[in-house]
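For reference, positions follow the sequence shown, starting with 1. Atoms within a ligand are numbered from 1 in the order they appear, just like the ligands themselves.
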Amino acid sequence: MNTRFAVSSLITILIATTMVQAQDIKLPQPQSSRNTLQVSEALAKRHSVREYSHKELSIQDLSDLCWAACGQSRDKDHITAPTAMNRQEIRLYVFDRNGAYEYLPAKNVLKLVATGDNRRLVAGGKAFSQDFVLDAPLSLVMVIDFEKFGSTGQRALMMGCVDAGNVSENVNLFCEAAGMVTVPRATMDIEGIRALLGLSENQLPILNNPVGYPKE
Ligand SMILES: Cc1cc2nc3c(=O)[nH]c(=O)nc-3n(C[C@H](O)[C@H](O)[C@H](O)COP(=O)(O)O)c2cc1C
């Protein structure tokens with residue numbers, strides 16, 4: 001086999017592997033009773049971290065993380081984060097090297113929405129960007145879905161912001177308790193993310209959390 005042929009075959013295999021990875025991800029059952037720090041200890045220790053190991057999150061940690069953020073809790077009508085009037089209007093997206101996915105709590109699935117590495121959109125826009133976000137293996141992005149409120153008025157915006165904060169704080173505390181690190185962020189390319197995810201004008205990216213393991 002000549003060298004040029006071998007290299008081109010290798011590139012083809014690598015591209016094919018990358019394409020295969022970008023598909024819906026069925027998450028393992030979340031461990032709602034996993035061994036973590038106590039809530040009071042996590043509250044005392046929680047802090048923002050902007051440096052990450054390049055190690056990918058394990059699939060179990062990813063499942064537990066999404067569940068902690070806004071997964072189904074005591075029954076099928078409730079999620080781990082409280083939301084105004086139980087509207088559950090915060091959509092959660094995962095951005096990683098392979099694609100952008102929407103978390104579907106009832107199915108425990110990450111549904112592929114866009115292929116490719118779009119974490120730069122989470123890092124920021126033209127005016128301001130924070131490149132440390134690219135060091136995190138993934139970022140969670142919270143989107144307010146005003147269609148679930150039936151309103152885009154000021155009160156709906158207030159409730160949406162509060163509810164996104166609840167989801168983000170679940171992530172902050174869970175990361176501290178379970179050996180991951182994160183920082184809540186408002187900086188991101190809102191219009192770029194809207195376009196990538198095919199969001200309507202009634203859906204607003206509002207907060208994000210890059211997540212990884214602590215840098216060695
Ligand atoms: C709504 C909100 C938006 C934030 N946006 C950013 C951001 O865009 N970039 C960033 O590096 N940190 C951001 N932070 C993190 C804060 O800077 C951080 O929480 C604060 O300095 C307190 O530090 P601590 O989290 O370690 O207690 C944000 C925090 C909140 C609550």
Atom [atom1] of [X] and atom [atom2] of [Y]: how far apart are they, to the nearest 0.5 Å?
X    : Y    : atom1 : atom2 : answer
N202 : I144 : CG    : CD1   : 11.5 Å
H47  : T182 : NE2   : OG1   : 11.0 Å
L173 : K45  : CG    : NZ    : 13.5 Å

Give the residue and atom name of whichever protein heavy atom lies nearest to [atom], and the separation in Å to one decimal.
atom                    : value
atom 11 (O) of ligand 1 : R50 NE, 2.8 Å
atom 24 (P) of ligand 1 : S48 OG, 3.5 Å
atom 14 (N) of ligand 1 : P184 O, 2.9 Å
atom 1 (C) of ligand 1  : L207 CD2, 3.9 Å

Under 4.0 angstrom from atom 18 (C) of ligand 1, is there any protein heavy atom? yes
Protein contact for atom 3 (C) of ligand 1 (heavy atom, distance under 4.0 Å): yes
Has the side chain of [X] got a donor or acceptor atom that lies under 3.5 Å from a matching backbone atom of [Y]?
X    : Y    : result
S32  : S73  : no
R194 : Q203 : yes
E169 : A164 : no

If you measure every N or O of [X] against every N or O of ligand 1, does any of those distances drop under 3.5 Å?
X    : value
V183 : no
A186 : yes
H47  : no

Which of the atoms in ligand 1, numbered in the order shown and given with their element, are less than 4.0 Å from a heavy-atom of [X]?
X    : answer
T187 : 7 (C), 8 (O)
Q130 : 7 (C), 8 (O), 9 (N), 10 (C), 11 (O)
R46  : 24 (P), 25 (O), 27 (O)

For M188, is the nearest heavy atom under 4.0 Å from an atom of ligand 1? no
I'd like to know if the side chain of N209 pairs up with that of N172 as donor and acceptor (distance under 3.5 Å, no hydrogens or angles considered). yes
Distance-only side-chain donor-acceptor flag, E216 / S53, under 3.5 Å: yes
For atom CG of D77, is the number of surrounding heavy atoms from other residues, nucleotides or ligands below 6.0 Å larger than 12? yes
